[in-house]
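In this text, all values refer to a predicted model and were calculated from it rather than measured experimentally. Residue numbers start at 1 and run along the sequence shown.
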Amino acid sequence: MFLVALAAALHGDRLRLDHRYPMTMIAAARPHLTVATAAAAVALAPVRRARPTATLLGLIAGAAVPGLLRRARRRPMAAASVDDLTILASNVLHGRADTSALATLIERARPDFVALSEAGWDFRDKLMPLIDGMGYRAWVSIQPGEVDGAGVVLLAGPRAGDIDVKSGPELYFRHLRATGGVLGRRSLIAAHTAPPDTVAGVRLWRSDVGHLARWAHGPVAPIIAGDFNATADHACLQELVGPCRSAADGTGQGLVATFPASLPRWAGIHIDHVFVPAATAVTRYEIVDVAGSDHRAILTKIRLPAA
């Protein structure tokens, strides 16, 4: 029974078992479970009576390894161009992240778009004076007076051009959708999904990621940036793949943890993402610590295909 449960934990996305609580939480730890299972197989192999169990553990772990290797594989990046778009995505922990540290990062990287999860009017009002003079505009998904944790903030730099930004109610946390300007017909969606940490939360999370997948399969594939509360080991997140892909693909950083920031980068999980149209060239991908937040930020530079 234990081996069956372990196999379900490591391969639940193929069986679509990871869309229910608590399998959703267990699936997020698949890389760690795979390593632990492989280590157990090696430890048991010298014990004659335990060899059948060691063999089964090795087979279970071995079947999960190729997917992990794909996320850890690094391919040569395309050469950067002055026309590349730079995108920063960061969860700012209910508006508690250090605005000075974030402003310093923005000043250094000069992203064209900044998607901030768990940010509202209070955080926006503290951040904007610190980046005054850089040409950034800001939009907030929620109404003034609502708590920062319920909102999303989108910043656009001067190169973004004349964009149109609207707040939408489809997700548990209201999202922002930008179109026009440098994006043309394409949308950039700043999103934050519900956390799947309860039975009710999993239902909301599945609905949220379902909306992201539907938008990914629209007539023009969007850019979607934010805290997805999902890893590449979740089957529902894989439904975005095809028209879109993670900007982490081929960078060798697909297993580097973005949460929780208090743990080493090898010990946590990668739940913050920038999804881009499949034909996009990624010329930079960096996972950045932001003081005061429990998430690491993603900073990526991309070259979009023609829409």
Side-chain angles (χ1 to χ4, degrees), residues 13-14 18 27-28 30-31 64-81 83-90 111-113 115 117 171 175 177-179 182-193 205 208-259 269-288 296-307:
D13 61 324
R14 301 173 194 175
D18 64 347
R30 177 179 299 163
V65 165
L68 301 184
L69 291 178
R70 281 194 297 272
R71 289 155 61 189
R73 185 178 302 141
R74 184 180 181 88
R75 298 189 296 269
M77 284 191 179
S81 164
D83 296 325
D84 294 348
L85 282 182
T86 302
I87 298 169
L88 175 66
S90 180
D112 299 296
F113 294 98
S117 304
L171 306 185
H175 68 281
R177 180 188 292 265
T179 54
V182 72
L183 297 169
R185 297 173 55 230
R186 202 178 303 282
S187 294
L188 183 146
I189 301 165
H192 181 201
T193 70
W205 171 80
D208 284 354
V209 181
H211 282 297
L212 300 185
R214 179 170 58 82
W215 296 335
H217 287 265
V220 179
I223 303 164
I224 309 175
D227 176 3
F228 289 34
N229 278 308
T231 74
D233 294 303
H234 289 113
C236 60
L237 190 66
Q238 295 168 15
E239 292 174 3
L240 280 74
V241 176
C244 291
R245 67 180 181 91
S246 171
D249 291 351
T251 68
Q253 298 187 68
L255 293 173
V256 177
T258 64
F259 175 85
I269 55 179
H270 193 115
I271 60 174
D272 300 87
H273 304 276
V274 177
F275 266 73
V276 297
T280 298
V282 177
T283 60
R284 178 183 183 184
Y285 190 89
E286 185 180 351
I287 295 175
V288 186
R296 296 182 179 96
I298 292 174
L299 178 64
T300 187
K301 185 172 285 192
I302 63 173
R303 189 172 313 131
L304 292 167

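- Taken from CG in Asp227 to NE2 in His192, the straight-line distance is 4.0 Å, to the nearest 0.5 Å.
- The shortest distance between side-chain heavy atoms of Ser117 and Ser90 does not fall below 4.5 Å.
- Atoms CD and CD1, on Gln253 and Ile298 in that order, are 9.0 Å from each other to the nearest 0.5 Å.
- Between the CG atom in Leu255 and the CZ atom in Arg30 there is a gap of 11.5 Å [rounded to 0.5 Å].
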Can you list, pair by pair, the side-chain donor-acceptor contacts under 3.5 Å of residues 213-221, counting residues two or more places apart and other chains?
residue	atom	partner	partner atom	Å
Arg214	NH2	His211	ND1	2.9
His217	NE2	Glu239	O	2.9

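- Ring-plane geometry between His273 and His270 is classed as tilted, the angle between the planes lying from 30 to 60 degrees on a 0 to 90 degree scale.
- For the pair Trp205 and Asn229, the minimum side-chain heavy-atom distance is below 4.5 Å.
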Asp272 and Thr258: CA distance, side-chain angles, deciding distance, side chain to side chain donor-acceptor pair (under 3.5 Å) verdict: CA-CA 6 Å; Asp272 300 87; Thr258 64; 2.6 Å; yes
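- Rounding to the nearest 0.5 Å places CG of Asp208 at 10.0 Å from SG of Cys236.
- With a 4.5 Å cut-off on side-chain heavy atoms, Ile223 and Pro277 count as touching.
- By the 4.5 Å heavy-atom criterion applied to side chains, Thr231 and Leu237 are not counted as neighbours.
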Under 3.5 Å, which donor-acceptor pairs link side chains of residues 66-79 to any protein atom two or more places apart or in another chain?
residue	atom	partner	partner atom	Å
Arg71	NH1	Asp233	OD1	2.8
Arg71	NH1	Asp233	OD2	2.9
Arg71	NH2	Asp233	OD2	3.4
Arg74	NH1	Thr251	O	2.8

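- Across all non-hydrogen atoms, the minimal contact from Ser187 to Thr179 is OG-CG2, 3.2 Å.
- Tyr285 is linked by a ring pair (Phe, Tyr, Trp, His ring centres under 6.0 Å) to nothing, counting only residues two or more places apart in sequence or in another chain.
- Counting heavy atoms from C-beta outward, Val274 and Leu88 have side chains that stay 4.5 Å or more apart.
- When side chains are defined from C-beta on, Ile87 counts as touching Ile302, because their heavy atoms get closer than 4.5 Å.
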How far apart are the C-alpha atoms of Ile224 and Leu188, what are their side-chain angles, what is the distance that settles it, and do they pass the side chain to side chain contact (heavy atoms under 4.5 Å, CB included) test? CA-CA 6 Å; Ile224 309 175; Leu188 183 146; over 6 Å; no
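- Ion pair Asp84/Arg303 flagged as a salt bridge, since at least one NZ, NE, NH1 or NH2 atom sits closer than 4.0 Å to an Asp/Glu carboxylate oxygen.
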In sequence, state the C-alpha distance, the side-chain angles, and the governing distance for Asp112 and Val182, and then conclude on side chain to side chain contact (heavy atoms under 4.5 Å, CB included). CA-CA 10 Å; Asp112 299 296; Val182 72; 5.9 Å; no
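- You'll find the side chain of Leu212 reaches within 4.5 Å of the side chain of Phe228, heavy atoms only.
- In this structure, the side chains of Thr86 and Thr300 stay at 4.5 Å or more apart for every pair of heavy atoms.
- In this structure, CG on Asp249 lies 11.0 Å from OG1 on Thr280, to the nearest 0.5 angstrom.
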